[in-house]
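In what follows, a single structure is set out as structure tokens and then discussed.
Note that these values count all heavy atoms, side chains included, but never hydrogens, waters or copies made by symmetry. In what follows, chains are A, B, ... by sequence order, proteins preceding strands, each numbered from 1.
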Protein chains: 2
Amino acid sequence: MARAGLTAERVTIAAAELADEVGLDQVTMARVARRLGVKDASLYTHVRNLEDLRGRIALLAADEKTLRIAEATAGCAGKDALVAFANAWREYAHRHPGRYAATQTPIQIDPELAAQAPGPRRAIELTYGMLRGYGLAEPDLTDAVRLLRSTFHGFVALEATGSFAHKRSPQHSWVRALDALHTLLEHWPPSREGEPS
Amino acid sequence: MARAGLTAERVTIAAAELADEVGLDQVTMARVARRLGVKDASLYTHVRNLEDLRGRIALLAADEKTLRIAEATAGCAGKDALVAFANAWREYAHRHPGRYAATQTPIQIDPELAAQAPGPRRAIELTYGMLRGYGLAEPDLTDAVRLLRSTFHGFVALEATGSFAHKRSPQHSWVRALDALHTLLEHWPPSREGEPS
DNA sequence: GTTGCAAACCTAGGACCCTTAGGTTTAACC
DNA sequence: GGTTAAACCTAAGGGTCCTAGGTTTGCAAC
């Protein structure tokens with residue numbers, strides 16, 4: 001019988017495809033093995049266990065998402081960059097719900113493996129770069145980055161759980177949210193640190 | 001042997017406690033049963049299956065969170081209301097990570113059961129009420145509500161997954177995010193609907 | 001108090017999954 | 001061709017979910 005020619009990466013990709021198709025919690029060793037035409041025990045040569053596999057999906061997703069954002073924002077600045085960044089983020093989450101869900105799990109990722117992944121570091125650079133035009137300085141810059149990431153992630157997460165009732169299209173609210181965030185970045189409130197609250 | 005006197009509600013509460021202690025994905029029929037001093041098969045008299053139980057945890061959490069927010073915002077207005085609302089949200093997520101995580105699962109909740117839960121409806125009322133002072137009209141009001149919910153949820157979700165590196169305390173960023181959102185609500189950008197984009 | 005009954009709880013068991021241990025086959029290299 | 005490391009397998013133990021069907025319990029009505 002011809003050998004399947006597996007590798008940790010191919011197993012991860014199969015698992016990621018499965019996650020997008022049937023949901024992350026339906027990603028099981030047995031199911032991934034069946035998709036690859038292999039017995040489940042054979043996967044343990046390439047992947048430590050199910051938790052490790054989930055972590056690998058998360059890292060793959062982070063890398064892919066970062067890449068999409070980098071492509072989308074290349075050459076943009078100001079509000080164009082903000083919109084491109086945000087739309088790339090949301091599109092990735094829509095297109096790959098299972099992969100995206102994997103990024104939401106509390107971290108249990110092998111640190112050694114994570115160190116090799118370029119995604120997270122690059123994502124930070126991209127985000128800070130996108131905000132360069134708004135003229136913020138630390139620590140406001142970090143606060144603004146966190147606010148943006150929170151809003152982007154929160155929006156797609158709520159969308160995914162069906163938390164937006166149907167009155168108004170999420171797409172409309174999304175566009176308006178980006179308008180609002182742009183305005184906010186242009187009028188970032190001055191810090192009152194040190195003052196009595 | 002004395003009967004345990006279970007009910008769907010008591011099973012749900014035991015499961016919710018377990019979720020907070022060991023994580024939502026560790027909440028298993030067998031484990032809940034052990035905690036209640038009962039065989040796992042016995043739980044099926046009160047709860048349809050594991051998915052149903054998860055849905056019940058989510059509804060419980062939604063109700064509890066809404067209640068905390070209602071208590072916290074009672075008598076507040078303007079920025080005070082915003083801050084009280086947001087802090088109550090975040091504190092609930094911190095204090096009950098497992099319950100909170102349950103609210104993030106894609107909905108598969110029994111509609112009949114969900115209809116009985118007062119949480120979601122009340123939460124919407126509270127959120128709109130909190131924004132009353134900012135003088136927004138529909139559809140901006142809905143967009144603003146969605147933006148706030150996205151940011152609140154996104155922030156605590158990213159916090160929970162350890163996505164904020166340790167450079168700056170999340171608490172600082174949170175306070176600044178609330179400042180920023182308050183400013184934003186006071187200067188909500190005018191709609192340009194109908195204009196060419 | 002006795003009887004009846006509905007619900008609570010149990011045992012038994014099948015199907016699936018995760019993971020380890022150890023054997024066999026493949027492919028590549030000397 | 002022979003050696004070797006890795007890929008892949010079978011076998012098996014233990015855990016989980018859930019159903020089917022039997023007991024027991026506690027209440028309520030006679």
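One finds a side-chain N or O of A:Ser42 lying less than 4.0 angstrom from the OP1 or OP2 phosphate oxygen of D:dC9. Note on B:Thr28: a side-chain N or O is less than 4.0 Å away from OP1 or OP2 of D:dC17. Distances shorter than 4.0 Å separate none of the side-chain N or O atoms of B:His46 from OP1 or OP2 on C:dA7.
Closest approach to the B:Asp40 side chain among C:dT19, C:dT11, D:dC18 is made by D:dC18 (side chain taken as heavy atoms from C-beta onward). Here D:dT16 is the nucleotide among D:dT16, C:dC18, C:dA12 with the atom lying nearest to any side-chain atom of B:Arg34. Distance from the side chain of A:Leu6 is smallest for D:dC8 among the nucleotides C:dT20, C:dC10, D:dC8. Relative to the side chain of A:Ala41, the nucleotides D:dC18, D:dA11, C:dT11 differ in distance, and D:dA11 lies closest. Of the candidates D:dT16, D:dC8, C:dC17, the closest approach to any side-chain atom of A:Ala30 belongs to C:dC17. If you check C:dC18, D:dC17, D:dC9 against the side chain of B:Met29, the one that comes closest is D:dC17. Ranking C:dC9, C:dT19, D:dC8 by closeness to the A:Thr45 side chain, first place goes to D:dC8.
The distance between atom CZ of A:Arg31 and atom P of C:dC17, rounded to the nearest whole Å, is 8 Å. In this structure, the NZ atom of B:Lys39 is 16 Å from the C1' atom of D:dG22, given to the nearest Å. Rounded to whole Å, the distance from OH on A:Tyr44 to C1' on D:dC9 is 15 Å. A:Leu50 places its CG atom 15 Å from the P atom of D:dT16, with the value rounded to the nearest Å. Atom CG in A:Asp25 sits about 13 Å away from atom P in C:dC17, given to the nearest Å. Separating the CD atom of B:Gln26 from the C1' atom of C:dC18 is a distance of 13 Å, rounded to the nearest angstrom. Atom CZ of A:Arg54 is separated from atom P of C:dC17 by 13 Å (rounded to the nearest Å).
Remark: aromatic rings of B:Tyr100 and B:His153 are close, center separation under 6.0 Å. For B:Phe155 and B:Trp174, the distance between ring centers is under 6.0 angstrom.
Using a 3.5 Å distance cut-off with no hydrogens or angles, the side chains of A:His46 and A:Glu9 do not pair a donor with an acceptor. A:Glu138 and A:Thr142 share a donor-acceptor pair across their side chains, judged by distance under 3.5 Å alone.
A cation-pi arrangement is absent between B:Arg90 and B:Phe152 under the rule of less than 6.0 angstrom and at most 45 degrees off the ring axis.
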